[in-house]
Visitor: 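The structure's right below; bear with me while I get my questions together.
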Number of protein chains: 2
Amino acid sequence: MDHVPASPQEEQVAAFRAFSRFYTRRIGLLEEHLYDSPFSLTEVRVIYELAQRAGLTASDLGRDLGLDAGYLSRLLKRFEAKGLLTRTPSKTDARQSVLSLTEAGRAAFAPLDRASHDQIAAMLGRLSAADREDLVGAMRRVQRLLGGAPDADEPFRLRGLRPGDIGWVVHRQGLLYATEYGWDQTFEALVAEIAAAFVKRFDPAWENAWIAERDGGIVGSVFLVRQSDEVAKLRLLYVEASARGLGIGRRLVEECIRFARERGYRTLTLWTNDILVSARRIYEAAGFRLVEEERHHSFGKDLVGQNWNLDL
Amino acid sequence: MDHVPASPQEEQVAAFRAFSRFYTRRIGLLEEHLYDSPFSLTEVRVIYELAQRAGLTASDLGRDLGLDAGYLSRLLKRFEAKGLLTRTPSKTDARQSVLSLTEAGRAAFAPLDRASHDQIAAMLGRLSAADREDLVGAMRRVQRLLGGAPDADEPFRLRGLRPGDIGWVVHRQGLLYATEYGWDQTFEALVAEIAAAFVKRFDPAWENAWIAERDGGIVGSVFLVRQSDEVAKLRLLYVEASARGLGIGRRLVEECIRFARERGYRTLTLWTNDILVSARRIYEAAGFRLVEEERHHSFGKDLVGQNWNLDL
DNA sequence: CTAGAAACTTGACTGAGTCAACTAATTCGT
DNA sequence: ACGAATTAGTTGACTCAGTCAAGTTTCTAG
């Protein structure tokens, strides 16, 4: 069956399904390693849950792990008979009892836990540090997007420039403005040029760049370059569509302003286009004033360029 | 049990395990929906595999899906009895037979396939377009990093330049040479500069670029730029570490040579560094001669640059 | 040409998970 | 406040997915 995906939608569905099949196998492999323990896979899942969370009832377990009530009942009875588990009647509901592992239960769980831990650690160990971070970040993202994890306490983090960053920024901006506004590749080339020039002429005393990260992936960036002793320019502000509404853009601009003030610049300037309305709102809120507009034909489109200034 | 992870390593292992548990449940949910079909989960996996790939034998299936040979044997016999499957004796090995679904088999599979497809599509539909892209991208990443990229019938494909490509190439090269050889960001900047200049001064009659794609991801690239009427230069040859050994590098160089010959160039030249041995092998095999070497200090390292030429 | 391995097949089994029927406690609607 | 419906858990009876070991036939390496 030659599946030639017709639309992006279909391609996404195909990728999702491919991933599910892939991970089903992967989980199978992970579980095989467990098979010299005295517990079945489901038993391990139950013990794991009991070890992690306190105050569980049988129905909690059944619901969360998707187990049959009858099967679970017997399983728990077996655990209790082996002395791994105690049940104390619930105070609020006489039908339920609260489950908790005994010392023996924890002792039985420890080697399993360790084996699983070591197995994963070994797998991660085979990757480079960068790939490891990348992998874990991607997993967090999948989990978050499929509704499996609450947002972290800290929704994003700022850091400085690292290898690979400017390419990534060029890639994402090139793609975004091409799909969203139909700009051609000369825009991407311009971004590449600006980013390259920034790195080559980088003067840490006067310039800086910030990358916003979320779940190990880059979701935004901004560059501050020196134009003269008095004037700094904010360039390449960018926030991923999937990370909007978290205040990342505002925060990046704030960092720029703070840095510019600190270094004694008098004016912060920037160039943008009128169609980029969400960026405009950020600039306005930060106190920038529109000083100039001019029509131009760039990136295959007729556009209205804008210069904005902020007195520091 | 309040798990306060000690080190980043531990945090990564914890995140991985959390993801595995999460996805185990998620897969459970996905599979439940399948449970008004006449097939068991394993049967569905087998049919799916048979529908996707031609020329499978029983042992292929057993190995790939991790099934017991005895169980699989009976399962296949059942399918054959129901007329879903035919076995034709292998020509090369009389012990094996090649399995293929009958029309009836495909017909039985179709509604399952559709149900699974629709279920995933519905899940994706609940997300915003940006989140959808983010999710699928993250899944692809996990799969790539865990080494799960499935072999397509066609291991890779060449295409021209599209928006986002040059940024991606810059990103990957910047990252690769930083991790592998410790080069600093000025290398990434150089790549960005070259790529930007290529796009800005692109002359389709005299120049070209090729992107190698595999499983929907970019795995290699090469650029051909005009230096004079007589001389063309090959630049930014690059193959992903995960896609080496497929002849992608060779193929990209061949395309360049073909194009350069066609346009009537007399010489194809390129610049590289002596430490890049796998690239060197490709150039040698293609007939390039080393014409010049010179020491230089770039990208934070002492290097030996090389110029290679090919008479067309 | 032979020993050992690979590709299945078959018989005998186990045990994970299902289903339905039951008891007891709780909650809901009016 | 009271009966009906719901929820928590238990138990018996069952099924069928998956395992294990012992076989046959074919292939391969020495």
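Quick note: numbers below take in every heavy atom, side chains included, and nothing from hydrogens, waters or symmetry partners. Proteins come first, then strands; the chains are lettered A, B, ... in the order of their sequence lines, and each starts at number 1.
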Visitor: Whole angstroms only, please: what is the CG-C1' distance between Asp68(A) and dT11(D)?
Guide: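 So the two atoms are 12 Å apart, to the nearest Å.
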Visitor: Below 4.0 angstrom from OP1 or OP2 of dC8(C), is there any side-chain N or O of Gln96(B)?
Guide: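 Yes, because at least one side-chain N or O of Gln96(B) sits under 4.0 Å from OP1 or OP2 of dC8(C).
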Visitor: Looking only at side-chain atoms of Thr42(B), point me to the closest of dT9(C), dG18(D), dA8(D).
Guide: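 From the listed options, dG18(D) comes nearest.
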Visitor: Quickly work out the Asp64(A) CG to dA8(D) P distance and round it to whole Å.
Guide: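 In whole Å, dA8(D) P lies 12 Å from Asp64(A) CG.
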Visitor: Can you see if the side chain of Thr57(B) gets near the phosphate of dA7(C) - specifically, an N or O under 4.0 Å from OP1 or OP2?
Guide: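 So the side chain of Thr57(B) is outside the cut-off, no N or O lying under 4.0 Å from OP1 or OP2 of dA7(C).
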Visitor: So, is Ser59(B) close to the dC8(C) phosphate, meaning a side-chain N or O under 4.0 Å from OP1 or OP2?
Guide: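 Yes, because at least one side-chain N or O of Ser59(B) sits under 4.0 Å from OP1 or OP2 of dC8(C).
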Visitor: Within the sub-3.5 Å range, which N or O atoms of nucleotides 14-16 of chain D have a protein N or O partner, and how far apart are they?
Guide:
none

Visitor: Heavy atom of residues 74-94 of chain B under 4.0 Å from DNA chain C: which residues?
Guide: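 Going residue by residue through residues 74-94 of chain B, the ones with a heavy atom under 4.0 Å of DNA chain C turn out to be Arg74(B), Lys77(B), Arg87(B).
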Visitor: Starting from C1' on dT10(D), measure out to CG on Leu67(A) and report it in whole angstrom.
Guide: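 Spelled out: CG on Leu67(A) to C1' on dT10(D) is 16 Å.
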Visitor: Please identify each residue that fulfils salt bridge (Lys or Arg N to Asp or Glu O under 4.0 Å) with Asp68(B), with sequence neighbours left out.
Guide: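 Asp68(B) satisfies salt bridge (Lys or Arg N to Asp or Glu O under 4.0 Å) with no residue once adjacent residues are dropped.
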Visitor: What residues form a side-chain hydrogen bond (donor to acceptor under 3.5 Å, both in side chains) with Arg74(B), not counting sequence neighbours?
Guide: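 Result, side-chain hydrogen bond (donor to acceptor under 3.5 Å, both in side chains) vs Arg74(B): none returned.
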Visitor: Mind checking salt bridge (Lys or Arg N to Asp or Glu O under 4.0 Å) for Arg258(B) and listing every partner two or more places apart, or none if nothing turns up?
Guide: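 Arg258(B): salt bridge (Lys or Arg N to Asp or Glu O under 4.0 Å) contacts with Glu255(B), Glu262(B).
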Visitor: Quick one: does any side-chain atom of Arg87(B) pair with a main-chain N or O of Leu99(B) as donor and acceptor, under 3.5 Å?
Guide: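 Looks like no, no N/O pair under 3.5 Å.
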Visitor: Can Asp60(A) and Thr57(A) be counted as having a side-chain donor-acceptor contact under 3.5 angstrom?
Guide: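 Distance-only check passes for Asp60(A) and Thr57(A).
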Visitor: Return the set of residues passing side-chain hydrogen bond (donor to acceptor under 3.5 Å, both in side chains) with Tyr23(B) (not counting sequence neighbours), or none when no residue passes.
Guide: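 Applying side-chain hydrogen bond (donor to acceptor under 3.5 Å, both in side chains) to Tyr23(B) gives Ser20(A).
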Visitor: Looking for any heavy atom pair under 4.0 Å, which part of the strands does Gly62(A) touch: base, sugar-phosphate only, or nothing?
Guide: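 Contact class for Gly62(A): none.
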Visitor: Spell out yes or no: do the side chain of Arg95(A) and the base of dT7(D) have one donor N/O and one acceptor N/O closer than 3.5 Å?
Guide: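 Present.
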Visitor: Suppose we screen for salt bridge (Lys or Arg N to Asp or Glu O under 4.0 Å). Which residues come up paired with Asp131(B), at least two apart in sequence or across chains?
Guide: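 If we apply the salt bridge (Lys or Arg N to Asp or Glu O under 4.0 Å) test to Asp131(B), skipping adjacent residues, there are no hits.
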Visitor: Roughly how many Å is it from CG in Leu61(B) to P in dT9(C), rounded to a whole number?
Guide: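 Those two atoms, CG and P, are 12 Å apart.
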Visitor: Between Ser116(A) and Arg17(B), do the side chains contain a donor N or O and an acceptor N or O under 3.5 Å apart?
Guide: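 There is such a pair (donor and acceptor under 3.5 Å, judged by atom type) between the side chains of Arg17(B) and Ser116(A).
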Visitor: Listed by chain and number, what are the salt bridge (Lys or Arg N to Asp or Glu O under 4.0 Å) partners of Glu49(A), not counting sequence neighbours?
Guide: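 Arg53(A), Arg25(B).
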Visitor: State which residues pass side-chain contact (heavy atoms from CB on, under 4.5 Å) with Glu133(B); sequence neighbours excluded, sorted by chain then number.
Guide: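 Applying side-chain contact (heavy atoms from CB on, under 4.5 Å) to Glu133(B) gives Gln12(A), Arg172(A).
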Visitor: Could you pull out all residues at least two apart from Thr102(B) that satisfy side-chain hydrogen bond (donor to acceptor under 3.5 Å, both in side chains)?
Guide: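 If we apply the side-chain hydrogen bond (donor to acceptor under 3.5 Å, both in side chains) test to Thr102(B), skipping adjacent residues, there are no hits.
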Visitor: Test of understanding: with side-chain hydrogen bond (donor to acceptor under 3.5 Å, both in side chains), list the residues that count as partners of Arg126(B), not counting sequence neighbours.
Guide: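 side-chain hydrogen bond (donor to acceptor under 3.5 Å, both in side chains) check on Arg126(B) returns nothing, list empty.
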Visitor: Between Arg63(B) and Leu72(A), just flag the one whose closest nucleotide in DNA chain C comes earlier from the 5' side.
Guide: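 The residue closer to the strand's 5' end, by nearest nucleotide, is Arg63(B).
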Visitor: Which part of the nucleic acid, if any, lies within reach of Ala58(B) when heavy atoms closer than 4.0 Å are counted: base, sugar-phosphate only, or nothing?
Guide: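 The answer is sugar-phosphate, as Ala58(B) gets under 4.0 Å only of primed atoms, P, OP1 or OP2.
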Visitor: Using five base pairs at each end, measure the axis-to-axis angle across the helix from dC1(C)-dG30(D) to dT30(C)-dA1(D) and round it to 10 degrees.
Guide: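 Inter-axis angle at the ends, rounded: 50°.
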